[in-house]
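Letters A, B, ... are given to chains in the order of the sequence lines, protein chains preceding strands, and every chain is numbered from 1.
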Amino acid sequence: MGDRTRYEPSEAEPRILARWLESGLFHPEPVGSAQENVSIAVPPPNVTGALHMGHALNGAIQDTIIRLARMRGRRAKWILGTDHAGIATQRQVEKRLEAQGTSREELGRERFTEAVWAWREEFGGQMIEQFKRLGASLDYADERFTLDADYARAVLEVFVALYEQGLIYRDHRLINWDPGLRTAVSDLEVQEREVQDTLFHIAYPLAGGGEIVVATVRPETMLADTAVAVNPDDERYAHLVGSTATLPLVGRELPIIADEHVKTDFGTGALKITPGHDPNDFEIGRRHGLDELTVIGEDGRMTAQAGERFAGLTVADAQAAVLAALREEGFLRAQEPYLHVVPFSERSGARIEPLISLQWFMRMEELAGPAADAVRDGRVRIHPESQARRYLAWLEEIRPWCISRQLWWGHQLPVWYRGEGEVHVGREAPAGEGWERDPDVLDTWFSSALWPFATLGWPDDDPRLRAFYPTDVLSTAREILFLWVARMVMMGLRFAGDVPFTDVYVHSVIQAPDGRRMSKSLGTGIDPLGEIERDGADAVRFGLLAMSSTQDVRYNPEKVGQGRALATKLFNAARFALLNVAPGAAPAPRPTALEDRWILSRLRAAKADLAAQVDGFDFARAALGLYDFVYGELCDWYLEFTKGRAFDDDLSATVLHVVEETLKLAHPIMPFVTEELWELVPTGDPARPPLLAAAHIAPEADALADPDAEAQVARVIAVVTALRRWRDEAGVRRGAVLPVRAEAIDGLAPLVERLARVRFEGGEDEPVATVTAAGIAVDVLPTEEVDTGAAQRRVTDQREHLRGEIARAEGKLANEGFVGKAPPPVVEAERDKLTRLRTELEAL
RNA sequence: GGGCGCGUAGCUCAGCUGGCCAGAGCACCUCGUUUACACCGAGGGGGUCGCCCGUUCGAGUCGGGCCGCGCCCACCA
């Protein structure tokens, strides 16, 4: 430590990390039961990913939990791995190929997937290294990947089982087609965005003469219309229901049907029905047994079905052509600007094209019920509570999940076809000639749903499963509550026989400092690695925890600065202790003075508070509470109290003990600096582990609780603070030691003398001023150090202030309502306060 | 359209089940080289708790309304 007064995180952290990794501490043996062990499955980052603020915050949260568990003596495993992230990874590699002048299609499926694996080999470890930099105590010796052979086996096993149980099926349904990526996507991968469109009114001639006018924003889809619908109660159209209208440009006769879905007060009250290209129309069509025509292909162009005039056009061109034709033939009645929300693909940004397509689906009701029950009956607790309500609401409205994707990177469906009607679903290819495997892969979230148990060796009877399943906490971002968390609960209950975790913590979204979303495209992103580089991982961890809440929060670099300051403070507090303690001293609580009893009592409280706050997922309070203890109690007061005392064996032992315990207290939040200092604190205990990360926190010793010492020292602090304030305002020289006199100061005098730079004396001299606090009046005796005028002004101000407070308290106590109705302890406290204030005023 | 949440010091935020003079960090001002720490210490200034009504002895805290902002869900073409 030497002459250094600053802790240098960039120098120390890599060194400390290496020691942790060598120790094997993060890789627990799979023994014991899940009840006695603690485990967390990390939300697997995409192999394409780089650590962003969300990861850093979640890493800090999970690591705090897991390190605290380890220090409480639990076997703790933080399950590590990465996700193959189908679409994201495929796109990344495709872009790279494009830059090299080739393409996925040119390579073919086999060589393309090889290229992705090679890419993963090269760049896939990036995130793991960044987690290490953060200090995350993940089990790096047991890294999983969602496309590894073992994991793939679990995925296929689940698919086959669900198929055999009738929950997975193939169907022609309207799905969200992403024309950019040319794949189906699920409802959850669709984002609604507001768009300025035009609403066109188009006349459809009636069989018996006249016309019915419909309103649409997508005239090009009319080519696939198979009906016109009106509301059954709409008197304007009641006589038409059952007759037909003629579809302009096409000539098809469309039945006019009645359906509740149609709003009488929107548009013209008549709705063209296009089951092939609109989700609502699809439902209406199924209700009425309408034909489902498709005029838009998967390439986003009009198909032959659209007719010669339009086939081959893009959707946009087709719209223009259809409008031109309608205008020419006199069917366009009106058009008006129309602002509405339409679906876009979250991945590609392309406007979703609803298409009827043959895809694989999963029936969800049977899985959703138990998953909802698990939360309702408390087997899974979601924090904060509001998120549990969101979770339940989603499960109650669950819809089928489209699980097939037209991609190459992922778990290929274990499905084979032969000829017209033969289908085989199984882990192995069927015997016989002529079978062809379904080229599609599964939605990435299908495999992610198995994460907590597939990572532990399921479906084998693996000791890791017995030791670590169910896991304890799942900490995650709000946006994947449905996409991932709910599905894990479903799959865990169905296949692993238990909930996958007992607590879900939904953490804050960290926004840019200006309140916008942190994003690369907006240029609002802040790289946590840059922050770590500048202030250290401990500071970033502390800062992120301190700014987190159940709300979204703005990134606040000052909180990171606070963390950095705390690390420096810990370093210097330890330095002070080591510089002063008696040679050969070892940590032990051996209080000989009031302040020793006080700090031990406060330390005990700080330990209990921090543990309770981490257990209650209140990380901001845990971090800030730690800061308050270190600054506001240990350094500002206790260490200052020790100055001027002889560092005998007892004091040395106590100071070392307090420092050592503070390192333990801080370690889950700030592991690096505390680990660094741990090595420097001497020990008398040969059994003490060389790494703080492996040390155990003793259960809170109730014997150390000392309310009396706490009350006494609180009085000292009040008096010292009041004296310092008075001195400052009266302009007393810093170094001057003032003669003072006080009654009822008892044994507190030495502490006050040390920190307020005063000396208690007797005598009968008339005081130049009286300073009051905590019911104690301290007379300042005449000395050349005091400017009497300033002192007097100060006293006058104080008197005025006290009178105001006394009047307020008197008013309250004179109020019969207050005395009569407020709880007695509150009234009592008010009386005490009044007495104290009066004492102080009299003393002045 | 429905739901959830936010609006407290110049800035970013705490204030749990209503009750000691509304707090913290940063910023600002003053002072300071006393046996750790100037990435420090001591002290200080600064708030109509968005607005209006109400409940209550008492409201930043509860209820209603309004204004501003954010997020989630949603099949009115």
inquiry  = Pair A/Asp552, A/Ser508 - check side chain to side chain donor-acceptor pair (under 3.5 Å), show working.
reply    = CA-CA 5 Å; A/Asp552 289 353; A/Ser508 296; 5.8 Å; no
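Residues satisfying the salt bridge (charged side-chain N to carboxylate O under 4.0 Å, His left out) criterion with A/Glu336, sequence neighbours excluded, are absent altogether. For A/Arg516, the salt bridge (charged side-chain N to carboxylate O under 4.0 Å, His left out) criterion is met by A/Asp514, not counting sequence neighbours. In this structure, the salt bridge (charged side-chain N to carboxylate O under 4.0 Å, His left out) partners of A/Arg333, at least two apart in sequence or on a different chain, are A/Glu211. With sequence neighbours excluded, the residues that form a side-chain contact (heavy atoms from CB on, under 4.5 Å) with A/Arg399 are A/Asp187.
Per the geometry, CZ belonging to A/Arg575 stands 15 Å off P belonging to B/rC40, to the nearest Å. Atom-to-atom, CE of A/Met547 to C1' of B/rC13 comes out at 11 Å; the value is rounded to the nearest Å. Atom CG of A/Asp728 and atom P of B/rG32 are 10 Å apart (whole Å). For the pair A/Arg727 CZ and B/rG41 P, the computed distance is 19 Å after rounding to whole Å. The separation between A/Glu194 atom CD and B/rG1 atom C1' is 13 Å, rounded to whole Å. When rounded to the nearest whole Å, the span between CZ of A/Arg725 and C1' of B/rG45 equals 11 Å. Rounded to an integer number of Å, the gap from A/Phe576 CZ to B/rU34 C1' is 12 Å. Atom CD1 of A/Ile717 and atom P of B/rA42 are 12 Å apart (whole Å).
Taking side-chain N and O atoms only, A/Arg6 has a distance below 4.0 Å to OP1 or OP2 of B/rC39. One finds no side-chain N or O of A/Thr5 lying less than 4.0 angstrom from the OP1 or OP2 phosphate oxygen of B/rC40. Here A/Arg554 reaches the OP1 or OP2 of B/rU12: one of its side-chain N or O atoms lies under 4.0 Å away.
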Expected rows: protein N/O vs nucleotides 2-4 of chain B N/O, under 3.5 Å:
none

ask   = With Watson-Crick and G-U wobble geometry limited to distances under 3.5 Å, how should the secondary structure of RNA chain B be encoded in dot-bracket form, using | for bases paired to another strand and [ ] for crossing pairs?
value = (((((((..((((.....[...)))).(((((.......))))).....(((((..]....))))))))))))....
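In the region residues 633-641 of chain A, proximity to RNA chain B at under 4.0 angstrom, judged on heavy atoms, holds for A/Cys635, A/Asp636, A/Glu640.
Taking atom P in both B/rU33 and B/rA24, one finds a spacing of 26 Å when rounded to whole Å. Across the P atoms, B/rC62 and B/rG25 are found 26 Å apart, a figure rounded to whole Å. Distance check on atom P: B/rG68 versus B/rG45 gives 37 Å, rounded to whole Å. A distance of about 22 Å separates the P atoms of B/rC31 and B/rU35, rounded to the whole Å. For the C1' atom pair drawn from B/rG10 and B/rG47, the interatomic distance equals 11 Å after rounding to whole Å. The separation of B/rG5 from B/rA14, taken at their P atoms, amounts to 15 Å, rounded to a whole angstrom. Using atom C1' as the reference point in both B/rG44 and B/rA9, the two lie 14 Å apart (nearest Å). A distance of about 13 Å separates the P atoms of B/rG65 and B/rG2, rounded to the whole Å.
Rounding to the nearest 0.5 Å places NE2 of A/His383 at 12.5 Å from OG1 of A/Thr550. Between atom CG of residue A/Leu247 and atom CG of residue A/Leu223 there is a gap of 7.0 Å, rounded to the nearest 0.5 Å. Annotation: the span from A/Tyr7 atom OH to A/Asp538 atom CG amounts to 5.0 Å, rounded to 0.5 Å.
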inquiry  = Strictly under 4.0 angstrom, non-hydrogen atoms only: write out the protein contact profile of nucleotides 69-76 of chain B, one letter per nucleotide from the 5' end, B, S or -.
reply    = ---SSSBB
remark   = Its contact letters, B for base, S for sugar-phosphate only and - for none at protein heavy atoms under 4.0 Å, make nucleotides 18-26 of chain B read -BSB---BS
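Applying the ring-ring contact (aromatic ring centres under 6.0 Å, His included) test to every pair with at least one member in residues 531-574 of chain A, sequence neighbours left out, gives no pairs at all.
Using a 4.5 Å heavy-atom cutoff, the side chains of A/Ile382 and A/Val485 are not in contact.
Of the two residues contacting RNA chain B, namely A/Thr264 and A/Gly644, the nearest-nucleotide position lying further toward the 5' end is that of A/Gly644.
Here A/Glu353 pairs with A/Arg218 in a salt bridge; the nearest charged N to carboxylate O distance falls below 4.0 Å. Between A/Arg541 and A/Glu531 there is no salt bridge, since no side-chain nitrogen of the basic residue lies less than 4.0 Å from a carboxylate oxygen of the acidic one.
At a threshold of 4.0 angstrom between heavy atoms, the contacts of A/Gly543 with the nucleic acid are absent. Counting non-hydrogen atoms under 4.0 angstrom, A/Thr721 reaches the backbone sugars and phosphates but no base. Using a 4.0 Å heavy-atom criterion, one finds that A/Arg564 contacts the bases of the nucleic acid, with or without backbone contacts as well. Across all strands shown, A/Val262 has heavy atoms under 4.0 Å from base atoms, whether or not it also approaches the sugar-phosphate.
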Can you give the donor-acceptor pairs under 3.5 Å from side chains of residues 390-397 of chain A to other protein atoms, not counting sequence neighbours?
unit_1   : atom_1 : unit_2   : atom_2 : d
A/Arg390 : NH1    : A/Gln387 : OE1    : 2.6
A/Tyr391 : OH     : A/Ala371 : O      : 2.8
A/Glu396 : OE2    : A/Arg376 : NH2    : 3.1

What side-chain donor-acceptor pairs closer than 3.5 Å can you find for residues 191-199 of chain A, not counting sequence neighbours?
unit_1   : atom_1 : unit_2   : atom_2 : d
A/Gln196 : OE1    : A/Tyr338 : N      : 3.2
A/Asp197 : OD2    : A/His340 : NE2    : 2.7
A/Asp197 : OD2    : A/Arg351 : NH2    : 3.3

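Cation-pi geometry between A/Lys559 and A/Tyr627 is not met at under 6.0 angstrom from the ring centre and within 45 degrees of the axis.
Counting only distance, with no hydrogens or angles, the side chain of A/Thr268 and the backbone of A/Val213 share a donor-acceptor pair below 3.5 Å.
Distances from the side chain of A/Gln551 to the nucleotides B/rG5, B/rC31, B/rA77 place B/rG5 closest.
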